[in-house]
Amino acid sequence: MIGLTAEGTPLRDASEVADFARRCFRPAAGDRVGVELEFLVFDNAIYHSAAEARHVPLARVERAMPAVLPGGSRVTFEPGGQLELSGPAAPLQDSLNRLAGDVAAVRAALGEAGLTLAGIGLDPVRPARRQLHLPRYEAMAEFLGVPYGPLMMCSTASVQVNLDLGERPGERWERAHALGPVLLAAFANSPLSGGRPCGWMSGRQAVWDRLDRTRTAPVPASGDPAADWAEYLLDARLMLVREDEERYRPVRDGSTFGDWLAGGGDRRPTAEDLAYHASTVFPPVRPRGWLEIRYLDAQHPELWPVCAAVTHALVSDDRAADAALAAVDRHLPFRGPYREPWEAAARCGLSEPRLARAAEACFRAALEALPRLGANPGLVGMVAAFADRYVTPGRSPAADLMENPTPGRGVPAWLNDEGPH
């Protein structure tokens with residue numbers, strides 16, 4: 001199965017995987033927020049003419065980027081050329097202010113170069129095309145296969161909210177999962193693909209669901225998050241193994257990390273192999289000494305702070321979490337035509353009445369909590385306006401994309417620098 005060489009002490013048995021998992025849940029005081037934003041980048045001509053939708057060369061985006069970002073965000077690119085801004089972790093308002101300043105600087109610089117940042121969870125018009133060919137991505141593409149591998153790597157974009165675990169990590173872990181379908185539905189923003197409706201309000205989530213489920217399904221819950229995470233890592237299929245810094249080998253025989261640990265290769269895995277394996281699994285919530293909340297679609301460059309603020313409030317504030325969980329218990333899980341609330345949220349967004357009712361209660365709880373968490377009136381007002389526009393009438397942002405596309409192109413007319421109307 002595997003015949004590779006690596007430095008490091010080999011793992012003895014599954015107890016060391018359990019130790020690794022426990023370290024991922026080590027209690028940590030604090031309520032910092034870190035936000036990672038992914039955006040698709042379009043040529044402005046798409047919005048103002050009948051030009052064929054086309055990919056923007058990565059070199060053009062890089063040339064247009066500001067030399068320095070005032071808030072200190074890190075700039076990276078995903079395989080398809082999606083632009084990612086990772087803001088520094090800080091208390092809520094400081095974190096959002098710094099990242100918002102960086103988003104504004106990037107939008108201005110790209111705008112001067114004739115480019116637009118589009119906050120959409122799934123590219124609405126362009127086919128998947130990879131622009132980065134790093135060894136890791138080559139191996140990942142071979143492992144994932146078509147069509148969903150290229151779509152995930154090259155056509156999806158998200159808002160990732162990173163939160164401190166707090167003194168009781170298990171509580172925040174449970175909240176992040178229990179509230180996932182409601183938040184996914186409230187911020188669903190990817191209903192188009194190939195210029196047509198794809199049948200989902202969050203087509204991005206649908207793409208992720210159709211990848212290798214051993215690495216994208218939610219972590220099962222037994223009441224012991226660290227034990228559940230250890231079991232998840234053992235049961236996840238090996239995607240790739242590093243031979244060295246420049247060579248990655250995809251593993252295509254279906255074997256899991258547990259198989260490798262049990263002696264399924266020419267060498268035993270090391271702690272470094274385990275840490276790398278953990279970076280190749282993508283559940284909706286992933287523990288890394290903090291919580292990565294990964295199930296949120298990319299949002300318009302002016303609306304993403306709502307996504308981060310509401311998620312933080314409902315997971316981190318005890319009173320808000322209690323109210324939100326009570327609403328979830330009242331309305332979900334529900335019996336219907338879908339397998340589970342996660343699928344209903346991705347397919348229907350807030351047009352599913354039970355999800356909409358739960359979301360209304362959750363947003364009320366978040367609005368009450370945000371001043372306690374240091375949110376300024378401007379941020380609270382932004383969340384309230386989002387609730388009025390989308391949550392109360394049972395709409396997800398995806399509704400704007402469905403109702404206002406450029407005829408025949410599927411590119412929403414409001415995705416310009418004027419923002420949504």
Side-chain angles (χ1 to χ4, degrees), residues 33 35-40 96 99-100 103 117-122 124 156-163 175-192 198 200-209 284-285 291-315 320 324 327-328 332 341-352 355-367 370 379 382-402 412 414-415 419-420:
V33 183
V35 183
E36 301 178 23
L37 304 175
E38 293 174 346
F39 295 104
L40 306 174
L96 301 193
L99 184 52
V103 171
L117 283 185
I120 318 174
L122 180 66
T156 61
S158 68
V159 174
Q160 180 174 302
V161 181
N162 301 321
L163 301 176
R175 293 167 183 174
H177 283 89
L179 298 171
V182 176
L183 292 170
L184 169 60
F187 296 106
N189 192 36
S190 49
L192 304 172
C198 64
W200 300 79
M201 291 293 98
S202 178
R204 180 202 58 82
Q205 184 67 25
V207 167
W208 281 88
D209 282 347
V285 186
L291 291 183
E292 291 182 345
I293 296 176
R294 305 172 55 88
Y295 46 69
L296 302 164
D297 279 358
Q299 302 293 307
H300 187 278
E302 294 177 0
L303 294 183
W304 65 264
V306 176
C307 192
V310 171
T311 302
H312 171 57
L314 297 182
V315 174
V328 168
L332 307 173
W342 286 96
E343 181 175 341
R347 187 179 293 277
C348 302
L350 291 187
S351 67
E352 209 308 315
L355 282 164
R357 289 194 291 270
E360 278 198 90
C362 288
F363 269 71
R364 284 196 300 270
L367 282 165
L370 284 170
L379 178 58
M382 188 184 299
V383 174
F386 184 97
D388 289 342
R389 174 173 174 77
Y390 296 109
V391 180
T392 300
R395 291 165 54 90
S396 303
D400 289 339
L401 292 149
M402 295 286 285
W414 57 264
L415 282 174

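Values below: every heavy atom of this structure, side chains too, minus hydrogens, waters and symmetry copies.
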* **Thr311/Val159 under side chain to side chain contact (heavy atoms under 4.5 Å, CB included): CA gap, chis, key distance, verdict** => CA-CA 11 Å; Thr311 302; Val159 174; over 6 Å; no

Can you tell me how far [atom2] of [Y] sits from [atom1] of [X], rounded to the nearest 0.5 angstrom?
X	Y	atom1	atom2	result
His312	Leu370	NE2	CG	8.0 Å
Arg347	Cys198	CZ	SG	9.5 Å
Cys348	Glu343	SG	CD	9.0 Å
Gln160	Leu291	CD	CG	10.5 Å

Min side-chain heavy-atom separation [X]-[Y] under 4.5 Å:
X	Y	result
Glu302	Val103	no
Val310	Phe386	no
Leu37	Pro301	no
Met201	Met402	yes
His300	Pro397	no
Tyr295	His177	no
Glu352	Leu332	no

* Which residues share a side chain to side chain donor-acceptor pair (under 3.5 Å) with Ser396, sequence neighbours left out ->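 By the side chain to side chain donor-acceptor pair (under 3.5 Å) rule, Ser396 matches no residue at all.
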
* **side chain to side chain donor-acceptor pair (under 3.5 Å) partners of Gln299, counting only residues at least two apart** =>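 Result, side chain to side chain donor-acceptor pair (under 3.5 Å) vs Gln299: none returned.
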
With sequence neighbours left out, write down each residue that passes side-chain contact (heavy atoms from CB on, under 4.5 Å) with [X], or none if nothing qualifies.
X	result
Ala387	Phe363, Val391
Ala320	Leu314, Asp317, Ala365, Ala369
Ala185	Ala345, Leu350, Leu355

Looking at [X] and [Y], what are the two nearest heavy atoms and their distance?
X	Y	answer
Phe187	Asp297	O-CB, 3.5 Å
Ala346	Leu184	N-CD2, 4.0 Å
Ala356	Gly394	CB-CA, 4.3 Å
Leu401	Ser190	CD1-N, 4.4 Å
Trp342	Pro284	CH2-CB, 4.0 Å
Cys362	Leu179	SG-CD2, 4.2 Å

* **Set of residues satisfying salt bridge (Lys or Arg N to Asp or Glu O under 4.0 Å) with respect to Glu292, sequence neighbours excluded** =>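 Glu292: salt bridge (Lys or Arg N to Asp or Glu O under 4.0 Å) contacts with Arg286, Arg288, Arg294.
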
* Derivation and outcome, side chain to side chain contact (heavy atoms under 4.5 Å, CB included), residues Leu163 and Val33 -> CA-CA 5 Å; Leu163 301 176; Val33 183; 4.1 Å; yes

* Between the side chain of Trp208 and the main-chain N/O of Gln205, is any donor-acceptor distance below 3.5 Å? ->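 No.
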
* Please confirm whether the backbone N or O of Gly121 pairs with a side-chain atom of Asn189, one donor and one acceptor, at under 3.5 Å? =>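 Between the backbone of Gly121 and the side chain of Asn189 there is no qualifying donor-acceptor contact (under 3.5 Å).
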
* Using the side chain to side chain contact (heavy atoms under 4.5 Å, CB included) rule, take Val306 and Tyr390 through it: C-alpha gap first, then chi angles, then the decisive distance, then the call. => CA-CA 12 Å; Val306 176; Tyr390 296 109; over 6 Å; no

* side chain to side chain contact (heavy atoms under 4.5 Å, CB included) between Trp200 and Val207, intermediate numbers included -> CA-CA 10 Å; Trp200 300 79; Val207 167; over 6 Å; no

